[in-house]
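Report on the structure given below.
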Amino acid sequence: YNWAAIMGYTSTVASNKTSEESGYRQGICPNGYHVPKQAEINTLLAYIEQQHTLLMDSLGWYKVSGNNYVGFGLLPAGYYYQDSRQFIDIGKSARLFLATPNKSNDALAYIFAIKADTTKQTTAITLGSRSKRSTATCRCIKNPSTPTAQAAITDNTTLYAYKGRILYDDEFRIYDLLGRDVTDENG
């Protein structure tokens, strides 16, 4: 998908937005889910301390492996390169468009990517910008179920690890990062 398609925009003009919308952008995600913002990915990366194999699915990666510890399930779908009309890095990279536009250049949008170096059998994270006309996949995130929980997903969120999940506490209920209420599971 290109960025406009992921964001659910129907025209090229609408996809040239440079200011971040308040709230969540559903885009192509199902009801109750949204395209993640850069701040949400930053919070997730801070929690896992840049150990990106915790986000990677255990299947599909060529010469590297993930353990999907936090349940993000990132698959190595690669991307489609329009100039040569071919898919690149299938099995070696995952590139996700984020809902956060690049405020200094309306032709760009932010991406989160993990790329494998198959020679060294290592992986690297990229948080950067790519053309909105390029392609990437989308990883939808469940909206929090309460307004309190929605406000809790910020750079200042207190995160907890419990049974391999990322949790935040809104004083009454505990939700995982995908917005699922897991209070009863945690006692």
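When reading the values below, keep in mind they use all heavy atoms of this one structure, side chains included, and skip hydrogens, waters and symmetry mates. Keep in mind that what you see is a predicted model, and the values were worked out from it rather than measured.
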Please check if Tyr1 and Tyr80 belong to a single hydrophobic cluster, counting links between Ile, Leu, Val, Met, Phe, Trp and Tyr side chain heavy atoms closer than 4.5 Å. no

Is any side-chain heavy atom of Tyr69 less than 4.5 Å from a side-chain heavy atom of Leu55? no

How about Ser58 and Asn67: does a side-chain donor come under 3.5 Å of a side-chain acceptor? no

Of the non-hydrogen atoms in Lys132 and Asn2, which two are nearest, and what is the gap between them? O-CB, 3.3 Å

Pi-cation contact, Phe72 with Arg139 (under 6.0 Å, within 45°): yes

Minimal non-hydrogen separation, Trp3 against Ala99, with atom names: CZ2-O, 3.9 Å

Which residue in the set Leu45, Thr126, Asn42, Leu44 passes side chain to side chain contact (heavy atoms under 4.5 Å, CB included) when paired with Phe112? Leu45

Using a 3.5 Å distance criterion without hydrogens, assess whether the side chain of Ser134 forms a donor-acceptor pair with backbone atoms of Arg130. no

Same cluster or not: Ile90 versus Leu96, using hydrophobic residues (I, L, V, M, F, W, Y) connected whenever any side-chain heavy atoms lie under 4.5 Å apart? no

Indicate yes or no: at least one non-hydrogen side-chain atom of Leu127 is less than 4.5 angstrom from one of Ile41. yes

Where Ile114 and Ile125 come nearest, the two heavy atoms and their spacing: CG1-CG1, 4.2 Å

Looking at Cys29 and Cys138, are the sulfur gammas closer than 2.5 Å to each other? no

Do the side chains of Leu75 and Val64 join up, straight or via other hydrophobic residues, at under 4.5 Å, putting them in one cluster? no

Are Phe97 and Pro36 side-chain neighbours, meaning at least one heavy-atom pair lies under 4.5 Å? no

Would you say Ile28 ends up clustered with Met7 if hydrophobic residues are merged whenever their side chains have heavy atoms under 4.5 Å apart, either directly or through other cluster members? yes

Sidechain-backbone polar pair: Asn102 side chain, Asn105 backbone, donor-acceptor under 3.5 Å: yes

Nearest 0.5 Å please: distance from the OH atom of Tyr33 over to the OH atom of Tyr24. 13.5 Å

Residues Thr100 and Gln38: closest non-hydrogen pair is OG1-N, 2.8 Å

Do Lys37 and Leu98 pass the side chain to side chain contact (heavy atoms under 4.5 Å, CB included) test, and can you show the C-alpha distance, the side-chain angles, and the key distance before you say yes or no? CA-CA 5 Å; Lys37 293 180 180 182; Leu98 304 178; over 6 Å; no

With a 3.5 Å distance limit and no angle check, can you tell me whether His34 reaches the backbone of Gln26 through a side-chain donor-acceptor pair? no

So, do Lys115 and Thr123 sit near enough that their side-chain heavy atoms are less than 4.5 Å apart? no

Heavy-atom closest pair (Arg95 atom, Ala136 atom, distance to 0.1 Å) is O-CB, 3.3 Å

Heavy-atom pair with the smallest gap, counting every atom of Leu74 and Ala94: CG-CB, 3.6 Å

